[in-house]
Structure formats: structure tokens, C-alpha cells
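Comments concern the structure below.
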Amino acid sequence: MQAFKAQRLVVLDANKCVGCQLCMLGCSSRLGYAGPAKSHLLIRSAGGIERGFVVVVCRACEDPPCSRVCPTGALTNLPKGGVRLQSSKCIGCKNCVEACDIGAVLWDEELEKPLICIQCGYCVDFCPYGVLGVEAL
Amino acid sequence: MNGSGDWVKEISKVLYIDLSKKTFWSERREDLFSKWLGGIGVAVQLYKEETPREADPLGAENAVVLAVGPLTAVFPMGSKVISVFKSPLTGTMAESHAGGRAPAAIRFAGLGAIVIKGASERPVYLVIDGEKVRFKDAGTLWGMRSAETVGRVLREAVPGAGLRTIMRIGRAGERLVRYANVIIETYRHFGRMGLGAVFGSKKLKAVVIIGRKSSKVPKIREYRQAYAEILEVAKGPATKKYHDLGTAANVLPLNKLGALPTRNFSSGRFEGAENISGEKLLESLSRRLSCVGCPVACIHLAAIREQYEDEKYFYKVENVPYDYELLYSLGSNLGVSDTVGMLKLIKVVEEEGLDAISAGVALAWATEALEKGIVTKEHTLVELKWGDWRSYAQALKYIVEQPNDFYKALAAGVKVAAAKYGGEDFAIEYNGLEPAGYHTGPLFHLSLAIGGRHSHLDAGAYGMDEGLASAKAKPPEPEEAVKTIAAEESWRQVLNSLAVCLFGRKVYGPSLVVKALRSLGYETSEKELEELGKKIYLERHLRKLEEGFRPEGVRVAKRVLETPTPLGNVSEEYIRRGIAAFEEMIERHRKLQAP
């Protein structure tokens, strides 16, 4: 497993979100893909775009419900919060998706595996309006 | 395009849907996507394959094509989907472009294009999830008063939040108003040329598309580099106008120039311009929105806070999108200077699913026809008076409901209405399409006569006029003007095939386009792209000619010639010579191309 900084993604001000999804496209491009569907965060409307947007990012919970319900140990807790997915152990049961109350465990429809944010902050620089940031854990 | 391999394969799937038989299938059309890139280039070819030349625009034979291109949702401002269909306003092949989430949803449903043919005998809506199509009963949605409500119902009925588009028509489309539009998400549209009426004729209420897929980028390093470069330019001065005040920024400069069409093009200056300006609307600005993949956020919403008359402790707050064209068509061109009143008119066209430009020009003609006694209140049912937005709000609903023959004619466009009642001198249209709001000079009006879709965006010729006016220069001879207009319109065919937003035209210069395409594995050059643009330009025009379009038959309303522009009065002779030069040019190219 690669080394990483103990940090997490935060939503600084969802009111400034314009719904461009450049963060999602940026996240996918980190893995070499185009298109929003490989993104590990989700921008969706708050019941129609006239009401603005919901910025769904993983909170890097200290005691993450997603890893507790994983039957195969594919999700490992990190020391200061958040999880890492070991894809080879994942059987695609979607328990983690169900367990996350904020809907931050997204789903890769092509691979049938969860998409869980690794808190790398790569998306932050793509946001033109400063909606996203990172903070140290 | 040579050696464009994997990416062409990636975007070449065409989904065919037959509404008559309720069937669907998909085919790889690498032949089309390798030769014509995507977007408008491919859509014209698919339309030619599917729609007979003599097809009735409102008949089952008229196929609707929606197409995206290699840069759609892959690069910043790659945010357009192109629709091609036969227009019930012009009777020939037409196109309308839209943004929102539709381009990304189509592209990442794994599709390059969608062809919708046939007609359903009862109202349906479509849910497209990847290559699968479900035909759903739209009996409950049909006839709903507000297209916004239709959107709300579908949002709850269909999965895929964040990755989907919801296109729908309003009552205007159901009732075949020839300039009904298709609303996308809530504030974007296939606005022009009547795609909404074509949907309505097919009993197609809505199309929901969910894009859950992705594409592996062939040259990821080059891609990231090109992406970063484009994003930087897209966030800079090249798009500043659209970012700051939005297109509403046009109102005051055009008014100062004397090019803001006012009271049915009887003047280029509006005394109430301040009230409908981007600067004024800033006071009500409530939210900014972007299409997927665009950093500009040009979509500006104004909030109206309104007290209920009967319940003074109740208020409602509504968001209304505004853009320059609406401020002209429902503002200055109707003499409406009440800011809130104008926003309420925009609200009505949004709820009903009307093309705001055509609707506004139709009402402007009707107002003048009433003023001049050509028609009476028996016809108009309400007292149409410049500036009286309440009457206009009612009249917009009458256009949709068509309670009498007069409104039936008005719902068919200003050309049809004037042919029936008279007043053709002040019926402003080009080949049946009501124009956008720039009385800038001869190049603009000529471009509307000879443009592929008779749209201000075909060549942006208002900008050419404005340039001449600010340099205090004279317009070129019409033969020269045609060359300039055709060159610009040809390059725009490349942008519309990629398919990127035309607001990004200063971002996507030829060299950056080549760079972006190369990172996706295309081997191409600026020269090759320019040649392709010319070919597509010609294809569009040839098809219209085959369908019976006669450029020399395009009428220029007397009013256009009478009202001075910043470049003086436009002369009939200028336009006629321009049209003749255009026809000659097309004929020359056709002969060169013939086998």
C-alpha cells in the first residue's frame, strides 16, 4: 500500500458549487479515465439544479461503518480515519454502499467494485470556485 | 481523420430507437465517426440516412439525431450535444445545440449518437441506461402545466442522480407550437427551430439518459497536459464576459451602439435598457450554474420574491434563468422595462417550453398588427401594448393553448401569421425563423439569410458588424462578406463536431484542438480540420437545397431595412447580392466535389 498523508477532503462551501463536475472528471483522470463515472466523489443536484448542489465526499470517519460491514476484510481502517480498499479481496456485495449514510461509497458499474475516496486531494485543484479543500487529520 | 483508432471506436456507437415499433438496437458506426469526427458532422449524415427528403417535419418519418463528439465531456467546455431534425418552421434540415448534463450523459452512456425515429401512438418517455432503452408510459406527464414539474417527477422516478440528463417538452411541444423547445435539466434547451414540436408529434414527452461508463484515455500524460492548458485558458479572459455578467452583458453596449432591437425592430435603442441589463439583474442574481465539464458557469439565475396578494404573510421565491436573447425578445423587443415583469415572462416560456426568441418576435409582430388595425382584439383576446408584460404573459399562454385561429397562426410562427393576416413588412423572420437580437449591420442580416440554421451562432456575424462599427469602417462588398461569413461558419463546424461550446471558440483555436485530439490518439492537422469544416459546411447546405430550400426566396422584412443600424441602413441590394454570391459559391463547391 502506498504511503499517504493523514488528511481528509472537506467541503468548504457547497453554495459556491456550480455543478460543473470538473472535480469528478479530475478524479477519474487520476486513474487514467475520462468521464465522471470513475469518480470517488459525487456532485448531484439538491432536488433539481435550481436548488443548488450536494457535494458528496467521504468524511474519512474515525470508526467507519463501511469497513465494519465488509464481510471479506477488503476495507482496512487507516490510523487517523478513512479506509483503503483492497480490490482483490472485494466480492462486490455492496454492503459498504448501504452502510454509508451520506452516500459517499460510490459504485464502479464497470468493475462492480466500490469507489471510496483515498483523500488524496487531487480533485481540489480542479474546482474553479474553491468548494473543496483538504485538512490534516 | 487517419489512425484515430481506439477513440473513434469508443465514441462510435449509435443507438437507434423506433418509437412506432417500440424497439431499439445499436450499431458501431466507425465509418461515420472516422470521417466526420462527431457532433454536427456525423449528425448530418445520420439524418440523411434516416429522413426522406420530402418527409413531413411533424410526421413519423422525421428522424431526430442527437450526437456528441470526441472532446465531449472529455475536455473543459466540451459541453455540447447537437440535434439535427427537419424543422417545422423552415421545412428543411435544422439543428439546435444544447448543454447541461446531456452531452456527458450521452457520451458516458457509451454512445456517440442517438437516432429517434417513428412516432408513438400514445405519450411515452424514454429511459436510456447504457444501450438499454425502456419505453415508459407518459400519460400522467402529458398536459402538465409546468415543464419544471415534469422534471421533478422524473427526477424521483428514475435513478442515476448526478450522472443523468432529463430532457422534456412542455405543453407547447405537445400542442405542436412550431417553435416549441426541448428543455434540458432545468435551464438549458434545444432552443431553436422547433425540436419540441417534433418531440410532440412523436408523442415523446421526455428522454432520460444515464451515463455510468468511462473511457480509458490512450495517452494519459499528453491528455492531462492538454487538459490543464485548456482549463487554464477556459478560466481566463477568453470567457470572462460569460463568467461575469453572462450574455446579459450585451444589453448596454448594444443599446449604446444602437443595435438593440426594440419594439419589433423599430429602433436600435431602448429607453428601458438599464432595467433589463446584466448590471441591473446582478441585484437579483441568486445562483450560478455550469454545464458538465465547464468552469465558466455562464448560467445566471435571478430570484423573484413575491408576496401573495391574498395571504400577505406568504411569499414565494422563484429562480429564473436569464440570457441576452431573452432580455431582447421578452424585454426590449416588447418594450418591457419592468425587470420583474420581464423575468416573469421568462418564467412562462420556461414552464411552457417555448423558444423565447421566436415567441417574443411573434408577440412583437402581433402587438404592431393590433396597433395598426390589421387585427383586432377579437383576434388577440388581450390588449397587447408595448411594455404591458401582464398581457404578454397571457398571450404566451394563448400561443400554447391556441383558443382561436389567430393564435393557431401565431403558434406556427410569424411568417405564417403574417401570410394569413398581412403585416409582412414588419414580420421579422429569415426562412421562417425569427432572429436573435442584433440589429448590428448588414453582415448579421446577410448571415441569417445564408446561415445553415439561420442562427446568429452560425457565424457570429454580429461580432463582425460590431468590429466594423467600433473601427468606424465601412462594410465590405457583399461578395467579400459572404467569404468571411462562410469561413467562420466552416470553422464552427469543426467546433460543433468536437463538440465543444461556441462560448469556448476563443479557447479552442486550431492548434489547441489538434493538441487535444492527438492526446486521444487522433493523427490530424490544422489544415485537415479546416478542410473537414468546409466539407461539413457544404453538406449542410446541399442537403437543405435538396429538400427544397431556395436562398433567393428568403425574404428580408422591410422593417429591417428601414431601421438604421450602427453601420447605417441595410440595403435590400446588399442582401440580394450576398445571397447570389452565396449560391454561386455553393454551386462551385458542389461541382468540385461531384465525382
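Order of the sequence lines fixes the chain letters, A, B, ..., with proteins taken first and strands second; residue numbering starts at 1 for each chain. The structure displayed is predicted, hence computed values, not measured ones. Computed over heavy atoms, backbone and side chain alike; hydrogens, waters and symmetry mates excluded.
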When the ring planes of F126(A) and Y227(B) are compared, do they come out parallel, tilted or perpendicular, using 30° and 60° as the limits? perpendicular
Does atom [atom1] ([X]) have a neighbourhood of more than 12 heavy atoms from anything else shown, all under 6.0 Å?
X	atom1	answer
R134(B)	CZ	no
R224(B)	CZ	yes
E98(A)	CD	no
E135(A)	CD	yes
K132(B)	NZ	no

Please state whether the side chain, the backbone, both or neither of [X] comes within less than 4.5 Å of a heavy atom of chain B.
X	result
C127(A)	neither
D108(A)	neither
S28(A)	neither

Do any N or O atoms from the side chain of [X] and from the backbone of [Y] form a donor-acceptor pair under 3.5 angstrom?
X	Y	answer
Y187(B)	I49(A)	no
R44(A)	G160(B)	no
E110(A)	S214(B)	yes
E50(A)	V320(B)	no

Heavy-atom distances under 4.5 Å only: say whether [X] touches chain A with side chain, backbone, both or neither.
X	value
R164(B)	neither
A161(B)	both
K235(B)	side chain
L289(B)	both

Are the side chains of [Y] and [X] in contact, using a 4.5 Å heavy-atom criterion?
X	Y	value
E185(B)	S45(A)	no
Y33(A)	V217(B)	no
T186(B)	R51(A)	no

Straight-line distance of W107(A) CH2 to R212(B) CZ, nearest 0.5 Å: 12.5 Å
Euclidean distance, D129(B) CG relative to E109(A) CD, rounded to 0.5 Å: 7.5 Å
To check you understand the geometry: which heavy-atom pair defines the closest contact between L31(A) and K216(B), and what is its length? O-NZ, 3.5 Å
Option in A37(A), G35(A), A34(A) with maximal non-hydrogen atom pairs under 4.5 Å from chain B: A34(A)
Do you know which of L22(A), V56(A), L42(A), L25(A) has the most heavy-atom pairs with chain B at a distance under 4.5 angstrom? L22(A)
Side chain to side chain contact (heavy atoms under 4.5 Å, CB included) assessment of Q21(A) paired with S290(B): CA-CA 9 Å; Q21(A) 298 189 336; S290(B) 249; over 6 Å; no
Top contributor to chain A contacts, counting heavy-atom pairs under 4.5 Å, from [options]:
options	value
L301(B), V296(B), I220(B), V292(B)	V292(B)
R288(B), R155(B), E318(B)	R155(B)
F108(B), Y223(B), F75(B)	F108(B)

